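Have a look at the structure below, then the notes.
Computed from a predicted model, the values in this text were never measured in an experiment. We number each residue from 1, following the sequence as shown. Heavy-atom basis, side chains included; hydrogens, waters and symmetry copies ignored. In each ligand, atom 1 is the first atom listed, and ligand 1 is the first ligand listed.
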Amino acid sequence: MGHTVFEKILKSHIVSGSLLPGKRVKIKIDQTLTQDATGTMAYLQFEAMGLTRVKTELSVSYVDHNMIQGDFKNPDDHRYLQDIAARYGILFSRPGNGICHQVHLERFAAPGKSLLGSDSHTPTAGGIGMIAIGAGGLDVALAMAGEPFTITMPEIVRIHLTGKLQPFVSAKDIILEVLRRLSVKGGVGKVLEYTGPGVKTLSVPERATITNMGAETGATTSIFPSDEITRLWLRAQAREHQWVPIEADEDATWSETVEINLSELEPLVAQPFQPDNVVPVEAIEGMKVDQVMFGSCTNSSLRDILSVAHMLSGEKVHPSVDAGISPGSRQVMLESAACGAMDELISAGVRILESSCGACIGMGFAPPTDGVSLRTINRNFLGRCGHPSGKVYLVSPEVAAASAITGRITDPRKLGIEPFVFEQPEQFIIDDSMILAPSPEPERIEIRRGPNIAPLPEMAPLSEEIEGEILLKVEDNITTDHIMPAGAEILPLRSNIPEISKHTFKVVDPAFYDRAKEKNGGFIVGGENYGQGSSREHAALAPRYLGIKAVIAKSFARIHLANLVNFGILPLLFENPEDYDRLNTKDKLYIKKGVITTKEPFEVSNKSTGSTFFVRCPLSDEDLEIVKMGGKLNYIKEKNKSAI
Ligand code: MIC
Ligand code: SF4
């Protein structure tokens, strides 16, 4: 029987387990990446493991999320990350070198390899034909320590592309179409693998736009084949020797096939506050726009920047629009400066922002009150870009550029501009001087820690009687941006759990922190797809620090579920989803630890109403054991002790 690209790479990385969907598989991780906002926690955890060097083929630490350096906290984090990298054998991509996913695609991603990253958009590298998965920082720290990574074997969905994109329709519209069809939870437990003649019409960065935003479907990852186009990309990056061809076999089997004819696609837009709230641009054409942001790891490749510059050439940004651009990497910046595209953007009145995540997570460039912000980013969750009244619409660079000119949401096909044709340079400008090699004398490196880098809190094991109030009941698709927002005020606290926990659930309920403190923790009740979005383990760590014992939901997003386990919060599923409606905040719940099992449903008592209901624990026995011990660090320490 033939295999898919995903299966082929997986087979060469299996440590134990089977390829049957739903079964657990342990895989070897070749490469890791971290970024500053999740990296400090990941490296504090790595340090706690007591190793002298990472055990991966390649580990890179990027600084791209928070570069505001508003006071000492942020530069202290950067310095800590640089010291850690020098000491433990990790490459360090300095602030200014670019967004982790774009730089990794340019300089390190390699077909046939596996990559684990402490960022949910790590699947960007799937565009080159590698297995690239996002995870919590602790799982990435373990991968750096040489431990295999466990996945639940996903179903493999074929996204079969035919036809060719028409002018002013681009890769972003393909992934918006996928989201329109699959929804923000349609990819959970699945891998999206792209096939068909349409694949050959897409360059590697266009493929990466699609695999990047595939994360928004909840998929474990997305992947393209490695073909001639991949070879040309690697050659232009002076890495042709890393090319290997990988295509799906003719007789590969798929759990389902989604057909997309690229020729029929039109410009699309995802409306607030979910990336699957997709309609044709035509449906909301004419809406007044206050702000336009070009960039983020989804759409900041050279092709995207040149397409925007082409459209704005000789034009001016509309007086009522504030427009800014973040090129994805220093290479993209240098290329666009060398070919005059930067000049065109500056002449048009676009603000040149840093090559960083920045505005994508509200690190500056927030929308005005009730403002309409058009962005080429991947997420438009409530409050994500700075505050809850800003309305973020997700669009392609072409729709964003057209709208920046007219001041209203505009179909770019209507402006009479010559279509843009991108020609990939034979050889990109390659200057890796902002990627620092680890120290040749690691033992001499002293790790400098600023006062905001707080030690990891101790985690007690799960108590025999699990009791407390429902502190918060939330609806479907609650994201990690709801649980632990980012933004300029909160991101600098990522290395300090006691401080950051004060912001837990702030956009949903500003009184949550005080209530959790007063009640000494309790339960959270959620709807479908609880914990959608980012890999930030702070969305589990902070609730854990505030005494949250269990989250009872209708379903969970993959990375957040793993993070709950890692930090000893019990995830439970309603056996009967209607029981969700019968629960209220302030209800007192009780579970006896002894009844918790992964095998069958068990009872929870609602002491406030005198009733009971059934829940299931969606974990493996090993994961339940981890929760009972108070989290993965305790579990590893215990395992190491018994090994002595
Ligand atoms: C995001 O896009 O939400 C982030 C910020 O990159 C996160 C990581 C983080 O919260 O640090 C992600 O996607 O995992
Ligand atoms: Fe950075 Fe935004 Fe990409 Fe997250 S989605 S990695 S914040 S650019």
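In this structure, Glu193 contributes its side chain and Phe6 its backbone to a donor-acceptor pair below 3.5 Å. With Thr124 contributing its side chain and Ala208 its backbone, the two residues share no donor-acceptor pair below 3.5 Å.
Contacts of His65 with ligand 2, taken as heavy-atom pairs under 4.0 Å, involve the side chain alone. Under 4.0 Å from ligand 2, the heavy atoms of Arg384 that appear belong solely to its side chain. Contact annotation for Ile361 and ligand 1: only side-chain heavy atoms (C-beta onward) come within less than 4.0 Å of the ligand.
Counting the atoms of ligand 1 from 1 in the order shown, those under 4.0 Å from a heavy atom of Thr38 are 9 (C), 11 (O). Within ligand 2, counting atoms from 1 as listed, the ones closer than 4.0 Å to a heavy atom of Cys297 are 3 (Fe), 5 (S), 6 (S), 8 (S). Interface atoms of ligand 1 facing Asp119, defined by a heavy-atom separation under 4.0 Å, are 4 (C), 6 (O), 7 (C), 8 (C), 12 (C), 13 (O), 14 (O). Set against the non-hydrogen atoms of Ala37, the atoms of ligand 1 under 4.0 Å away are 11 (O). Numbered from 1 in the order shown, with element, the atoms of ligand 1 that lie under 4.0 Å from a heavy atom of His121 read 2 (O), 13 (O). Using a 4.0 Å cut-off to heavy atoms of Asn378, the atoms of ligand 2 that qualify are 5 (S). With ligand atoms numbered from 1 in the order given, ligand 2 contributes 6 (S) to contacts under 4.0 Å with heavy atoms of Asp119. Residue His101 approaches ligand 2 through these ligand atoms, each under 4.0 Å from one of its heavy atoms: 6 (S). In summary, the atoms of ligand 1 found under 4.0 Å from a heavy atom of Ser535, numbered by their order in the structure, are 12 (C), 14 (O).
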**OP:** Check the pair Ser170, Glu398 against side-chain hydrogen bond (donor to acceptor under 3.5 Å, both in side chains), reporting the backbone distance first and the verdict last.
**Re:** CA-CA 8 Å; Ser170 64; Glu398 293 71 28; 2.7 Å; yes
**OP:** Begin with the C-alpha distance, continue with both residues' side-chain angles, and end with the deciding distance and a verdict on side-chain hydrogen bond (donor to acceptor under 3.5 Å, both in side chains) for Thr298 and Asn212.
**Re:** CA-CA 6 Å; Thr298 323; Asn212 169 287; 3.2 Å; yes
**OP:** Walk me through it: do Thr479 and Gln532 pass the test side-chain hydrogen bond (donor to acceptor under 3.5 Å, both in side chains)?
**Re:** CA-CA 4 Å; Thr479 73; Gln532 181 203 165; over 6 Å; no
**OP:** Quick one: do Gln102 and Glu106 satisfy side-chain hydrogen bond (donor to acceptor under 3.5 Å, both in side chains)? Show the steps, please.
**Re:** CA-CA 6 Å; Gln102 176 67 26; Glu106 291 168 0; 2.8 Å; yes
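Heavy-atom proximity to atom 10 (O) of ligand 1, evaluated over Arg384, Arg536, His65, is greatest for Arg536. When the heavy-atom distances from atom 8 (C) of ligand 1 to His101, Gln35, Arg379, His538 are ranked, the shortest goes to Gln35.
Contact annotation: Cys360 places no N, O or S atom under 2.8 Å from atom 1 (Fe) of ligand 2.
Regarding atom 11 (O) of ligand 1, its nearest protein heavy-atom neighbour is Arg494 NH1, 2.8 Å. Looking only at heavy atoms of the protein, atom 7 (C) of ligand 1 is closest to Ser534 CB, 3.3 Å. Annotation: atom 1 (Fe) of ligand 2 to nearest protein heavy atom, Cys357 SG, 2.3 Å. The protein atom (non-hydrogen) at minimum distance from atom 13 (O) of ligand 1 is Ser120 OG, 2.5 Å.
A salt bridge links Asp139 to Lys632: one of the charged nitrogens lies within less than 4.0 Å of a carboxylate oxygen.
In the displayed structure, Arg94 atom CZ is contacted under 6.0 Å by at most 12 heavy atoms of other residues, nucleotides or ligands.
Of all heavy-atom pairs between Leu81 and Gly39, the closest is CD2-C, 3.9 Å.
Using bins of under 30°, 30° to 60° and over 60° for the plane-to-plane angle, the ring pair Phe505/Tyr530 lands in the tilted bin. Using cut-offs of 30° and 60° on the angle between ring planes, the pair Phe46 and Tyr43 is perpendicular.
Partner Leu192 forms a side-chain contact (heavy atoms from CB on, under 4.5 Å) with one of Thr211, Ile210, Thr217 and no other, that one being Thr217.
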